Q: 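One structure, pasted below without further comment.
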Amino acid sequence: MRRAAVAVATTAMAVSLAACGSAKESGDNNDSSDSAAKKGDAIKVGLLLPENQTARYEKFDKPLIEKKVKELTNGKGEVVYANAKQDATLQAQQVDTMITNKVDVLIVDAVDSKAIAGSITKAEQADIPVVAYDRLAEGPIDAYTSFDNVTVGKTQGEALLKALGDKAKDGQIVMMNGSSTDPNAAQFKEGAHSVLDGKVNVGREYDTKEWKPENANANMQAAISAIGKDKIIGVYSANDGMAGGIITALKRAGIANIPVTGQDAELAGVQRIVTGEQYMSVYKSYPQEAAVAGEMAVALAQGKSLDSIAKDKADSATTKGIPSVLVPVVSLTKDNIKETVIKEGFYTLDEICAGNYKAACDKIGLK
Ligand code: BGC
């Protein structure tokens with residue numbers, strides 16, 4: 001019932017948004033700053049992240065954004081944080097609370113990029129600029145930063161093809177995409193298909209509800225029953241969290257040594273790469289993405305131009321010409337763990353090679 005109500009409200013919102021999108025289309029993306037009082041360093045930044053099952057949000061994004069805001073405001077800026085735990089309705093309430101509490105700017109990583117549009121409009125009406133973080137929220141946002149998400153999907157697809165080599169058509173692969181409410185998931189999927197189509201047989205493909213590892217696990221079990229355990233030769237998994245659920249299902253069915261992709265360079269993912277259970281992940285520099293978001297938010301709160309920060313423009317379904325920065329990504333395999341996650345200080349060698357992982361690290365020469 002609630003879902004149906006949300007869907008209807010979203011459609012109504014999309015229509016009214018289309019009608020008021022013209023100011024943005026004329027290229028004036030800093031209009032909210034004109035009426036906002038010019039702020040000094042004592043700004044309040046509202047940070048909304050979508051979930052906390054995927055490790056990145058509270059291990060990297062949150063502390064890195066807080067650090068950047070402090071740095072840019074001589075320690076005087078404050079970040080107010082809320083995590084929506086995959087609940088779009090809760091996220092809308094969190095935006096309301098932040099508007100009531102008069103934050104100076106919002107950084108929003110949306111659970112549902114369409115459903116959030118009404119909240120973004122409310123923020124605009126309250127003269128609070130919005131930075132869309134990682135996922136391109138619909139509605140009148142002022143800036144956007146993310147990774148090149150189609151390239152993320154291509155990177156995963158290319159790695160899978162490389163791992164399959166000349167056996168790519170000797171069986172079926174399973175594709176486990178992310179949540180259909182996340183525009184990034186659609187871009188990962190598009191990038192992966194652009195590389196894989198025609199080169200592999202896709203036995204089963206899923207959009208995984210809420211990106212949850214347990215849902216990926218259930219989908220994988222269904223795929224194994226449908227395709228047959230001896231015919232599955234690889235799995236495209238859109239992220240590491242789901243790869244965890246998928247690998248558990250593969251092991252339970254007695255399937256070993258097939259390539260599984262991932263994304264996020266989570267510690268558990270990197271450790272599975274070390275043991276060979278997972279073939280690759282996509283390493284994304286959260287420090288870079290978080291730094292850009294912090295710079296955008298502070299500039300917008302202080303009524304400054306984004307010209308020196310964002311050279312590119314992005315379009316969403318509702319808003320055109322959004323100042324944007326897309327950070328490049330790197331394919332992470334057992335061969336470049338040192339040059340990526342260890343070098344950038346995500347994890348130490350000791351963390352990765354702790355306990356039972358020591359022998360596997362030695363075996364791949366990770367010392
Ligand atoms: C992010 C990924 C993350 C996924 C699940 C995507 O929007 O870009 O890094 O794994 O959401 O939270």
Side-chain angles (χ1 to χ4, degrees), residues 47-62 64-65 82-88 90-91 107-116 131-138 141 144-156 176-192 206-217 219 236-246 260-270 272 278 280-290 292-293 314 316 324-332 340-341 346:
L47 172 63
L48 294 115
L49 296 181
E51 55 127 325
N52 59 6
Q53 269 193 313
T54 301
R56 59 168 287 184
Y57 299 111
E58 294 189 348
K59 181 163 172 61
F60 298 114
D61 301 280
K62 176 177 179 276
L64 288 165
I65 290 172
N83 190 297
K85 304 196 177 110
Q86 290 290 13
D87 183 339
L90 175 62
Q91 192 165 57
I107 299 176
V108 179
D109 192 341
V111 174
D112 183 323
S113 63
K114 287 188 194 301
I116 199 74
V131 178
Y133 185 67
D134 205 71
R135 302 180 183 171
L136 184 53
E138 295 188 10
I141 58 162
Y144 166 57
T145 185
S146 187
F147 296 93
D148 183 337
N149 293 312
V150 174
T151 303
V152 170
K154 281 189 186 160
T155 304
Q156 295 167 322
M176 203 70 69
N177 305 303
S179 162
S180 57
T181 64
D182 177 354
N184 292 352
Q187 290 188 312
F188 303 147
K189 183 173 167 178
E190 178 196 328
Y206 303 87
D207 289 332
T208 310
K209 186 160 190 269
E210 296 178 345
W211 280 103
K212 288 199 168 145
E214 56 267 36
N215 295 339
N217 175 278
N219 291 342
Y236 166 85
S237 167
N239 80 354
D240 288 347
M242 296 198 304
I246 290 163
V260 179
T261 65
Q263 158 175 212
D264 290 337
E266 285 194 2
L267 181 58
V270 174
R272 286 190 299 263
Q278 185 174 327
M280 64 85 72
S281 184
V282 179
Y283 170 67
K284 311 199 289 191
S285 174
Y286 303 122
Q288 279 188 54
E289 187 189 31
V292 174
S316 75
S324 68
V325 175
L326 295 186
V327 177
V329 300
V330 176
S331 174
L332 172 64
T340 53
V341 286
F346 276 34

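Note that the structure is a prediction, hence the values are computed from the model and not measured. Every number for a ligand or one of its atoms is a count from 1 in the order of the listing. Heavy atoms only: backbone and side chains are in, while hydrogens, waters and symmetry mates are out.
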Q: Compile the protein residues with any heavy atom at a distance under 4.0 Å from an atom of ligand 1; present them by chain, then by number.
A: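 Lining ligand 1: Glu51, Thr54, Arg56, Tyr57, Asp134, Arg135, Asp182, Asn184, Phe188, Trp211, Asn239, Asp264, Lys284.
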Q: Hey, what do you get for CZ (Arg56) to CD (Glu51), rounding to the nearest 0.5 Å?
A: 9.0 Å
Q: Just how far is it from atom NZ of Lys284 to atom CG of Asp148, taken to the nearest 0.5 Å?
A: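 Result: 11.0 Å between the selected atoms.
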Q: In chain order, what residues pass the side chain to side chain donor-acceptor pair (under 3.5 Å) check against Thr340, with sequence neighbours excluded?
A: none
Q: Using the side chain to side chain donor-acceptor pair (under 3.5 Å) criterion, which residues pair with Ser281? Sequence neighbours excluded.
A: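 Ser281 satisfies side chain to side chain donor-acceptor pair (under 3.5 Å) with Asp240 only.
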Q: Between Phe188 and Trp211, what is the ring plane arrangement, given parallel below 30°, perpendicular above 60°, and tilted in between?
A: perpendicular
Q: Which residues pass the ring pair (Phe, Tyr, Trp, His ring centres under 6.0 Å) test with Tyr206, not counting sequence neighbours?
A: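 Tyr206 satisfies ring pair (Phe, Tyr, Trp, His ring centres under 6.0 Å) with no residue once adjacent residues are dropped.
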